[in-house]
Amino acid sequence: MKNYPIQLSAFIAIRDVEKYIEEWINFYLLVGVQHFVIYDYGSKDNTPELIQPYIKKGIVDYRYFTPKYISEFKHIERWFEVLSLTHRLDVLNEYKSVCKWMCFFDIDEFTFPLDENKSLLDILQKYEEFAALHVNWVMFGDSGKEKYKNDYVINRFNKRASLNQKENEHCKVICRPDHVDFLKSSGSVNPHYFAYKEGLQGVNEHKEGMGMAREVGEEFYQNHQAFSPSPENRKIIRCNHYHFKSSEEHDDKRGAHIEGGIPYEEKDEEMRFIFNQEEDNLIKRYIPLLNSINLDTYTL
């Protein structure tokens with residue numbers, strides 16, 4: 001059996017996330033991520049300084065791309081997404097011999113086991129015969145908040161869409177880097193899944209193969225790999241997706257997306273209502289742990 005120095009890593013592409021980056025890293029340390037690869041596309045805020053302690057601790061591999069470097073790509077439509085899609089394959093290729101599993105979650109996504117006595121690695125042990133575990137997200141709304149507050153994201157927002165809402169059919173991926181087909185994956189423009197080597201597949205938490213007929217924008221997909229419609233999902237593991245946050249933060253996010261060449265619509269009042277339908281405080285069990293985490297004494 002192959003020995004991997006890193007059992008579970010996480011890749012994220014970021015820019016100007018000083019309000020959120022410490023909570024995000026600390027949360028994933030708590031649920032079992034051992035190592036992070038962070039690509040920073042020209043942050044001009046305090047993000048690089050906040051990441052330094054994690055670099056010194058050996059937890060984060062941090063790569064900063066200067067604003068001058070980024071300016072060479074800004075003429076490309078969706079340049080931020082294009083760069084992150086390209087770099088995530090570079091990272092997978094670099095770490096395929098040293099990292100067993102790698103997570104791909106955004107700064108507004110918090111993934112955790114439903115069983116509070118288990119870590120992500122405990123869950124992943126049951127999926128080692130597969131190329132990837134695809135985790136259904138749960139869309140959270142703004143909980144009626146208008147302004148940013150200096151507090152944990154997972155504490156500020158506790159209203160979500162009904163679990164059977166179609167937007168919750170979307171999945172994010174935790175994959176085996178050495179099981180990814182890099183050539184086939186390079187042809188994908190979707191950041192939420194990979195193509196896997198022949199004979200291997202990604203599955204949902206019930207070990208069902210991924211894929212469903214889905215219309216995305218103007219395209220129709222007969223077997224879209226980023227979705228799993230099973231109503232039984234999110235009973236073992238789930239991803240809380242804080243898509244809206246407060247109205248102020250959503251406006252900031254919209255501006256950042258537009259600057260990144262990504263079209264982004266203003267907040268739709270109907271969707272705002274849908275994503276605030278049910279109260280959900282399950283993830284708040286991690287707040288005392290976030291309060292007590294001490295990087296000085298933290299060991300891998």
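Numbering of residues begins at 1 and proceeds along the displayed sequence. Treat the numbers as computed from the prediction; the structure is a model and nothing was measured.
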Student: Between Glu208 and Asn204, is there a side-chain donor-acceptor contact under 3.5 Å, judged purely by atom types and distance?
Tutor: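 Yes - a donor-acceptor pair under 3.5 Å links their side chains.
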Student: With Lys207, which residues qualify under side-chain contact (heavy atoms from CB on, under 4.5 Å), at least two apart?
Tutor: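 side-chain contact (heavy atoms from CB on, under 4.5 Å) list for Lys207, sorted by chain: Tyr127, Glu129, Phe130.
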Student: Taking all non-hydrogen atoms of both residues, which atom of Ser9 and which atom of Cys99 are closest, and how far apart?
Tutor: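 Ser9 and Cys99 have their closest heavy atoms at CB-SG, 3.5 Å.
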Student: Using side-chain contact (heavy atoms from CB on, under 4.5 Å) as the criterion, list what pairs up with Glu18, not counting sequence neighbours.
Tutor: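 If we apply the side-chain contact (heavy atoms from CB on, under 4.5 Å) test to Glu18, skipping adjacent residues, the hits are Asp45, Asn46, Thr47, Leu50.
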Student: Tell me if the centroids of the rings in Phe157 and Phe140 come within less than 6.0 Å of each other.
Tutor: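 Between Phe157 and Phe140, the centre distance exceeds or equals 6.0 Å.
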Student: Cationic tip of Lys245 within the cone over Tyr20's six-membered ring, i.e. under 6.0 Å and within 45° of the normal?
Tutor: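 Judged by the rule (NZ or CZ under 6.0 Å from the ring centre, within 45° of its axis), Lys245 counts as positioned above Tyr20.
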Student: Is the shortest side-chain N to carboxylate O distance from Glu249 to Lys19 below 4.0 Å?
Tutor: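 Not counted as a salt bridge, because no side-chain N and carboxylate O are separated by less than 4.0 Å.
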Student: Using 4.0 Å as the upper bound for N to carboxylate O, is an ion pair formed by Lys172 and Glu109?
Tutor: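 Counted as a salt bridge, because a side-chain N and a carboxylate O are separated by less than 4.0 Å.
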Student: For residues 41-65, which residue pairs pass the ring pair (Phe, Tyr, Trp, His ring centres under 6.0 Å) check, not counting sequence neighbours?
Tutor: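 Checked against ring pair (Phe, Tyr, Trp, His ring centres under 6.0 Å) - neighbours excluded - the pairs reaching residues 41-65 are Tyr39-Phe65, Tyr41-Phe65, Tyr41-Phe80, Tyr41-His87, Phe65-Tyr69, Phe65-His87.
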Student: Check whether any side-chain N or O of Glu205 sits under 3.5 Å from a backbone N or O of Ile236 as a donor-acceptor pair, and report yes or no.
Tutor: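 Side chain of Glu205 to backbone of Ile236: a pair is present.
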Student: Got a sec, which residues hit side-chain contact (heavy atoms from CB on, under 4.5 Å) with Asn291, two or more places apart in sequence or on another chain?
Tutor: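 Tyr152, Ile287.
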Student: Please determine which of Phe112, Phe110, Tyr28, Tyr242 meets the ring pair (Phe, Tyr, Trp, His ring centres under 6.0 Å) test together with Phe105.
Tutor: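 Only one option passes, and that is Tyr28.
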Student: Do Phe194 and His179 have ring centres separated by under 6.0 Å?
Tutor: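 No: the rings miss the under 6.0 Å criterion.
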Student: Could you check whether any side-chain N or O of Asn168 sits under 3.5 Å from a backbone N or O of Met139, counting only pairs where one atom can act as donor and the other as acceptor?
Tutor: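 Between the backbone of Met139 and the side chain of Asn168 there is a qualifying donor-acceptor contact (under 3.5 Å).
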Student: May I ask you to say whether Asp151 pairs ionically with Arg156, meaning some side-chain N is under 4.0 Å from a carboxylate O?
Tutor: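 Not counted as a salt bridge, because no side-chain N and carboxylate O are separated by less than 4.0 Å.
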Student: With a distance cut-off below 6.0 Å to the six-membered ring centre and an angular limit of 45° from the axis, does Arg238 pair with Trp137 as a cation-pi contact?
Tutor: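 Arg238 over Trp137 ring: no.
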Student: Is there side-chain contact between Ile59 and Val33, with at least one heavy-atom pair below 4.5 Å?
Tutor: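 Not touching, per the 4.5 Å side-chain cut-off.
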Student: Quick one: sort the Phe27 and Tyr286 rings into parallel, tilted or perpendicular, breaks at 30° and 60°.
Tutor: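 Answer is perpendicular, since the angle exceeds 60°.
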Student: Verify the neighbour count for atom CG of Asn294: are there more than 12 heavy atoms of other residues, nucleotides or ligands below 6.0 Å?
Tutor: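 Count over threshold, so yes.
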Student: When you measure from the side chain of Gln201 to the backbone of Met210, do you find a donor-acceptor pair of N or O atoms at a distance under 3.5 Å?
Tutor: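 The answer is no, because no donor-acceptor pair under 3.5 Å joins these two groups.
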Student: Could you tell me if the ring centre of Phe244 sits under 6.0 Å from that of Phe275?
Tutor: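 Judged by ring-centre distance (under 6.0 Å), Phe244 and Phe275 do meet the cut-off.
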Student: Measure from the side-chain N and O atoms of Asn136 to the backbone N and O of Ser228, and report whether any donor-acceptor pair falls under 3.5 Å.
Tutor: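 Flag set: sc Asn136 to bb Ser228 pair under 3.5 Å.
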Student: Are the charged groups of Arg88 and Asp90 less than 4.0 angstrom apart, N to O?
Tutor: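 Answer for the salt bridge query: no.
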Student: Does Lys44 have any side-chain contact (heavy atoms from CB on, under 4.5 Å) partners at least two apart in sequence or in another chain, and if so, which?
Tutor: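 In terms of side-chain contact (heavy atoms from CB on, under 4.5 Å), with neighbours along the sequence ignored, Lys44 is linked to Asp16, Pro67.
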Student: Indicate yes or no for a side-chain donor-acceptor contact from Lys159 to the backbone of Asp142 under 3.5 Å, with no hydrogens or angles considered.
Tutor: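 Not at all, since once roles are kept as given, no pair shorter than 3.5 Å links the two residues.
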Student: Does a sphere of radius 6.0 Å around NZ in Lys284 hold more than 12 heavy atoms from other residues, nucleotides or ligands, not counting ones at 6.0 Å or beyond?
Tutor: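 Buried by this count: over 12 neighbours within 6.0 Å.
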Student: Looking only at heavy atoms, what is the nearest atom pair of Arg15 and Gly42, with distance?
Tutor: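 Closest approach of Arg15 to Gly42: NE-O, 4.1 Å.
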Student: Should Lys197 and Asp178 count as an ion pair when the cut-off is N to O under 4.0 Å?
Tutor: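 Between Asp178 and Lys197 there is no salt bridge, as every charged N stays at least 4.0 Å from the carboxylate O atoms.
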Student: Is there a donor-acceptor pair under 3.5 Å between the side chain of Glu248 and the backbone N or O of Glu146?
Tutor: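 Judged by distance alone, no pair lies under 3.5 Å.
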Student: Surrounding NZ of Lys74 (heavy atoms of other residues, nucleotides or ligands, distance under 6.0 Å), is the total greater than 12?
Tutor: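 Yes, enclosed.
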Student: Do Ile25 and Leu290 belong together in a cluster built from hydrophobic side chains that touch within less than 4.5 Å?
Tutor: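 Linked, Ile25 and Leu290 end up in one cluster.
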Student: What salt bridge (Lys or Arg N to Asp or Glu O under 4.0 Å) pairs are there with at least one residue in residues 113-124, not counting sequence neighbours?
Tutor: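 Counting only pairs at least two positions apart or across chains, no salt bridge (Lys or Arg N to Asp or Glu O under 4.0 Å) contact touches residues 113-124.
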